[in-house]
Amino acid sequence: MSLHSRARLAALTALPVLTVALGLPLLTQPAGAATSDVHINEVESNGDSAGDWVEILNTGTAAVDVSGWGIVDDDSSHSPVRIPSGTVLQPGGYRVVTVEPGFGLGAADEARLLTASGTVVDATSWSAHASTTWGRCPNGTGAFATTSAATKGAANRCPVPTQAWPGGSTVVTADGANVLGSDLSGLAFQGSGTLWAAQNSGRLWRLVPNGSGGWKPDTTSGWTSGKSVRFPGGSGAPDAEAVALTDAGASAGVFVGSERDGSSSTSRLSVLRYDVSGSTTSLTATREWNLTADLPSVSSNGGIEALTFVPDAALTAAGFRTGAGTAYDPAGYPAHFGGIFLVGIETGGAVHGYVLNEAGGFTRVTSFASGLAGVMDLEWEPALATLWAVCDDTCSGKAATFGITTGGSFTAKAVHDRPSGLPDYNDEGFAIAPQSECVSDRKPVVWADDGNDGGHALRTGTVSCSGR
């Protein structure tokens, strides 16, 4: 290192910088108004596959040229890692600076953002490695905290406080004793008179009201004992974990999420479409979207566990933006059922959104963390433009809700405890009745218990119609 560089670093480290993490202002002032809009937004100090990194974000309304800017830690012997010449951060733009092999960030360390001339623009320090990452909450503007998931080059995922269940505390059984049995998983309402249920053993059920607030198998068209489901061609029994319908209802088909062939130990992360209009007792998929190669590798029993459909109208009304940062334009995806399908992954709790082309192709348009250890079911609630992600006894039955923010991404709104009247069972299915079922600001919800505890696979409670 040159004497000039050593002198400059010594000067930098002597600056009395107070960290944003303490909520105090920086004593070093930015060079100009636009420069002050660029902040450190997220830090990985414990290394991912690329090593330690620092993410910066332009929170302003004008582009900022960050050519030659640098990141340095608290060690005065380290040279800053510089951003390449010609780098311009657009408004809302992110830049990730990998600091290794220049230096590594320690468990107790600091990251400082410098302009090309050496002015300290922003800084943050920490006393221990974060279990995920160290980031601003809310994204771009808040104080630093441990995030709920690493979001390299994207908006931070921040933990939200757990709240009480937004509905009644009473939960009761909703099916006959030992009618549906064990392994019941995903649920989806079709209007107020039909409830679809997917079963891991490769069965699909069509349920109808039993006259006392619960559900029973439809006895028409061969549905009395449910119908077996098969992959295209008729071979293999999907490990049916989730079920969803589009806005067109069953006329467009019933969609099932599967993580594997039930007889195989190899992942086969698929969405399958079934024509349910006939009276046969076995259903062969009319289409399969095998997403395995497009999703992170998981065990054969840790894949797609949840599925829901979000219509185009809701996405465009909320200003939804794809993972590439562009506005979602339905016209760019011909013949795609009029919306996107969100799949939830059991291992890790990630959610991924896909446009499924009716001919069999697919395009991933979003991915985000649920903040839960696992996602067992997903439910889009149209009346409140809210996405529900629910967990089983792994998370003590917690449910997270998401809305599409002004930035166009799915962002956590709240995490709710299960109702006090719901035992901590292995509930893998969840469905919310339509708004037409509201009475005194309450509408029914149903949980599917994979363990068939007490001889019952379904339980029903209520949730607020207004979100209060």
Side-chain angles (χ1 to χ4, degrees), residues 171-230 237-246 249-250 253-259 262 271-277 281-283 285 304-309 341 343-344 346 375-380 388 390 392 422 425-434 437 444-461:
V171 176
V172 298
T173 58
D175 62 334
N178 295 311
V179 173
L180 300 172
S182 61
D183 293 329
L184 202 68
S185 193
L187 298 173
F189 273 97
Q190 181 188 343
S192 59
T194 303
L195 180 65
W196 293 91
Q199 199 160 27
N200 301 164
S201 54
R203 299 196 77 75
L204 183 65
W205 295 82
R206 187 165 72 188
L207 307 175
V208 296
N210 64 7
S212 57
W215 298 89
K216 65 181 182 180
D218 188 350
T219 57
T220 65
S221 303
W223 288 100
T224 302
S225 300
K227 297 189 177 186
S228 62
V229 289
R230 296 290 181 265
D239 180 5
E241 299 282 0
V243 62
L245 292 88
T246 70
V254 173
F255 296 80
V256 169
S258 174
E259 57 189 4
V271 176
L272 301 145
R273 181 190 185 191
Y274 293 94
D275 180 352
V276 296
S277 61
T281 57
S282 180
L283 302 173
I304 292 178
E305 191 78 24
L307 182 68
T308 196
F309 176 81
F341 289 84
V343 299
E346 178 173 358
V375 174
M376 299 300 152
D377 211 349
L378 292 167
E379 177 81 352
W380 174 253
W388 290 73
V390 299
D392 59 2
L422 179 66
Y425 291 149
N426 184 22
D427 290 323
E428 293 192 353
F430 178 74
I432 302 176
E437 295 292 295
V445 294
V446 184
W447 290 267
D449 174 15
D450 176 84
N452 196 45
D453 288 276
H456 292 279
L458 295 177
R459 288 169 182 81
T460 187

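Side chains included, hydrogens not; waters and symmetry mates left out as well; all remaining heavy atoms used.
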Taking the side chain as every heavy atom from C-beta outward, state whether [X] and [Y] have any atom pair closer than 4.5 Å.
| X | Y | value |
| --- | --- | --- |
| L180 | N452 | no |
| V171 | T460 | no |
| R206 | T220 | yes |
| P217 | V179 | yes |
| W196 | L245 | yes |
| E346 | E259 | yes |

| request: Go through V276 and L283 one step at a time and tell me if the side-chain contact (heavy atoms from CB on, under 4.5 Å) criterion holds. | output: CA-CA 7 Å; V276 296; L283 302 173; 4.1 Å; yes

Nearest heavy atoms of [X] and [Y], plus distance in Å:
| X | Y | value |
| --- | --- | --- |
| D427 | D392 | O-CB, 3.4 Å |
| E437 | S192 | OE2-CB, 3.1 Å |
| D377 | G429 | OD2-CA, 3.4 Å |
| W447 | G461 | CZ3-N, 3.6 Å |
| A240 | S185 | O-CB, 4.1 Å |
| L307 | V271 | CD1-CG2, 4.1 Å |

Side-chain donor/acceptor of [X] to backbone N/O of [Y], under 3.5 Å:
| X | Y | value |
| --- | --- | --- |
| Y274 | R230 | yes |
| E241 | I304 | no |
| H456 | T173 | no |
| R273 | G253 | no |
| Q199 | S182 | yes |

Can you measure from [atom1] ([X]) to [atom2] ([Y]) and round to the nearest 0.5 angstrom?
| X | Y | atom1 | atom2 | answer |
| --- | --- | --- | --- | --- |
| S258 | N200 | OG | CG | 9.0 Å |
| Q190 | T246 | CD | OG1 | 9.5 Å |
| L378 | T308 | CG | OG1 | 6.5 Å |
| I432 | F189 | CD1 | CZ | 9.0 Å |
| L195 | L458 | CG | CG | 6.5 Å |
| L187 | L207 | CG | CG | 8.0 Å |

| query | Should the pair F255 and F341 be assigned to parallel (<30°), tilted (30 to 60°) or perpendicular (>60°) ring geometry? | reply |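 Ring orientation, 0 to 90° scale: tilted.
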
| said: Would W380 and F309 count as a ring-ring contact (aromatic ring centres under 6.0 Å, His included) here? Give the steps. | reply: CA-CA 7 Å; W380 174 253; F309 176 81; 9.8 Å; no

| Is any side-chain N of the basic residue among R459 and D449 closer than 4.0 Å to the acidic one's carboxylate O? |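 A salt bridge links R459 with D449.
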
| task | Take T219 and T224, measure what side chain to side chain donor-acceptor pair (under 3.5 Å) needs, and give me the verdict at the end. | result | CA-CA 4 Å; T219 57; T224 302; 5.3 Å; no

| said: For a ring-ring contact (aromatic ring centres under 6.0 Å, His included) check, start with the C-alpha distance between W215 and W205, then their side-chain angles and the critical distance, and finish with the verdict. | reply: CA-CA 11 Å; W215 298 89; W205 295 82; over 10 Å; no

